2 protein chains.
Amino acid sequence: MSQTQMLKGILDGCLLAIINVKECYGYEMASRLNDYGFDYVSEGTIYPLLMRMQREELIISTRRKSTAGPKRKYYRLTDKGEKALQDFIYRWEQLDKSVNAIIHREIREKGE
Amino acid sequence: MSQTQMLKGILDGCLLAIINVKECYGYEMASRLNDYGFDYVSEGTIYPLLMRMQREELIISTRRKSTAGPKRKYYRLTDKGEKALQDFIYRWEQLDKSVNAIIHREIREKGE
DNA sequence: TCCACATACCTTGTATAACAAGATATTAAT
DNA sequence: ATTAATATCTTGTTATACAAGGTATGTGGA
């Protein structure tokens, strides 16, 4: 029952959402996540995730020069990635509703 | 990026919340979760989870006769379990806020 | 020039937890 | 006796976040 477990299956959707706002590279995403209120997310988490999503053709990358340091890999969504993001948002909202219902003890009607 | 991954680290808190409302036994919890809007959660998920939480002294069980079938194990929260539930709710609300901020593109101020 | 440092990416191994599938036992009804 | 619903539990698999560490590039200061 840790914060790391709670992120499972959620982080990938969050990265898609971040990329959707604006092209972004891995190293920057950690701090971006932080801005949104997440605790520090390891690069050992982010990079494998990005590579997996690229393999699944949800995102594609372009290498560009950095102002300071090695080249960056900027990611953007594919059409498939945009669909995956919409799907994630839907599933998140379902979960959100369910968990909040439990916490606030609001049992839904069966027929809904 | 499946529904099953999204439940990780969340199901245990949800079960604590359910038990907190009213003593409950494993078999019943599946349908209770369903009432709250969750998809079917396997018994192969629920029972090991209950046993783990009992081992961690978050819940304790009492065997009682069933109206039809073998004895039920009714669970209730310990003091430690109540604290764990409060802790879960806090962490859930943090996550909830963060994910919704990302989805709705509301970047928080750093100083907050 | 040389070195420290921030930037930027990647790999390996580990731990956790949800799940499918199936086993077992009890009670009621046919 | 047989079937079905109830109720619990076990085994093996899979997915994924993370710690720890490695590699490479560019800037600025000594």
Side-chain angles (χ1 to χ4, degrees), chain A residues 1-16 23-34 38-56 58-59 61-75 84 88 91 95 98-99, chain B residues 1-16 23-34 38-56 58-59 61-75 84 88 91 95 98-99:
Chain A
M1 204 159 149
S2 65
Q3 198 67 281
T4 137
Q5 287 299 323
M6 287 178 77
L7 284 179
K8 296 216 173 179
I10 289 173
L11 244 193
D12 44 7
C14 289
L15 290 187
L16 288 179
E23 277 196 339
C24 196
Y25 56 99
Y27 193 76
E28 196 188 9
M29 295 188 198
S31 65
R32 196 78 91 198
L33 282 170
N34 210 66
F38 285 88
D39 292 336
Y40 172 74
V41 177
S42 163
E43 292 164 30
T45 299
I46 291 175
Y47 288 113
L49 217 169
L50 290 173
M51 285 185 281
R52 197 199 77 210
M53 293 200 294
Q54 183 159 36
R55 201 166 55 242
E56 291 171 350
L58 304 180
I59 52 178
S61 64
T62 314
R63 295 186 82 88
R64 299 233 193 84
K65 274 183 196 148
S66 166
T67 49
K71 285 188 178 179
R72 297 167 178 163
K73 280 176 79 174
Y74 283 87
Y75 290 94
F88 165 72
R91 287 184 298 105
L95 182 70
S98 299
V99 174
Chain B
M1 203 157 147
S2 65
Q3 197 66 279
T4 137
Q5 287 298 324
M6 286 178 78
L7 284 179
K8 297 219 171 177
I10 289 173
L11 244 193
D12 45 7
C14 290
L15 290 187
L16 289 178
E23 276 196 339
C24 196
Y25 57 99
Y27 193 75
E28 196 188 10
M29 293 187 199
S31 64
R32 195 79 92 199
L33 282 171
N34 211 66
F38 285 88
D39 292 337
Y40 172 74
V41 178
S42 163
E43 293 160 28
T45 300
I46 292 176
Y47 288 112
L49 217 169
L50 289 173
M51 286 185 280
R52 196 199 78 210
M53 292 200 294
Q54 183 159 37
R55 201 166 56 243
E56 289 171 352
L58 304 181
I59 53 178
S61 64
T62 314
R63 297 185 82 89
R64 299 234 194 82
K65 273 182 195 146
S66 165
T67 49
K71 286 188 178 179
R72 297 167 178 163
K73 280 175 78 174
Y74 283 88
Y75 290 93
F88 164 73
R91 285 183 299 105
L95 182 70
S98 299
V99 175

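None of these values were measured; they are calculated from a predicted model. Lettering of chains follows the sequences in order, A, B, ..., and the numbering in each one begins at 1.
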Can you identify which nucleotide, out of [options], has its nearest atom closest to the [X] side chain?
{"X": "A:Pro70", "options": "D:dA17, C:dA8, C:dA18", "answer": "C:dA8"}
{"X": "B:Lys8", "options": "D:dA19, C:dA17, C:dC19", "answer": "C:dA17"}
{"X": "A:Tyr75", "options": "D:dC9, C:dC10, D:dT16", "answer": "C:dC10"}
{"X": "A:Arg72", "options": "C:dA8, D:dC9, D:dC18", "answer": "C:dA8"}

Return the value, rounded to whole Å, for the distance between atom [atom1] of [X] and atom [atom2] of [N].
{"X": "B:Met29", "N": "C:dA18", "atom1": "CE", "atom2": "P", "result": "14 Å"}
{"X": "A:Ile46", "N": "C:dT11", "atom1": "CD1", "atom2": "P", "result": "15 Å"}
{"X": "B:Lys71", "N": "C:dT24", "atom1": "NZ", "atom2": "C1'", "result": "17 Å"}
{"X": "A:Met51", "N": "D:dA15", "atom1": "CE", "atom2": "C1'", "result": "16 Å"}
{"X": "A:Arg52", "N": "C:dT11", "atom1": "CZ", "atom2": "P", "result": "15 Å"}
{"X": "B:Met53", "N": "D:dC9", "atom1": "CE", "atom2": "P", "result": "13 Å"}
{"X": "A:Gln5", "N": "C:dA18", "atom1": "CD", "atom2": "C1'", "result": "10 Å"}
{"X": "A:Ile10", "N": "D:dA15", "atom1": "CD1", "atom2": "P", "result": "18 Å"}

If the cut-off is 4.0 Å, is [X] near the phosphate of [N], judged by side-chain N/O to OP1 or OP2?
{"X": "A:Ser66", "N": "C:dA8", "result": "yes"}
{"X": "B:Tyr25", "N": "D:dT8", "result": "no"}
{"X": "A:Tyr27", "N": "C:dT7", "result": "yes"}
{"X": "B:Lys73", "N": "D:dC9", "result": "yes"}

Quick check: do [X] and [Y] have side-chain heavy atoms less than 4.5 Å from each other?
{"X": "A:Phe88", "Y": "B:Met6", "value": "yes"}
{"X": "A:Arg72", "Y": "A:Thr67", "value": "yes"}
{"X": "B:Phe38", "Y": "B:Cys14", "value": "yes"}
{"X": "A:Leu95", "Y": "B:Leu7", "value": "yes"}
{"X": "A:Glu43", "Y": "A:Tyr40", "value": "yes"}

*Quick one: on DNA chain D, does A:Lys65 or A:Leu11 contact a more 5' nucleotide (nearest heavy atom)?*
A:Leu11

_A:Gly69 vs A:Ser42, nearer the 5' end of DNA chain D by closest nucleotide_ = A:Ser42

Touch class at under 4.0 angstrom, heavy-atom based, for [X] against every strand present:
{"X": "B:Gly44", "result": "base"}
{"X": "B:Glu28", "result": "nothing"}
{"X": "B:Thr45", "result": "base"}

*Among B:Asp12, B:Ile59, B:Thr45, find the residue that satisfies the side-chain contact (heavy atoms from CB on, under 4.5 Å) test when tested with B:Leu50.*
B:Ile59

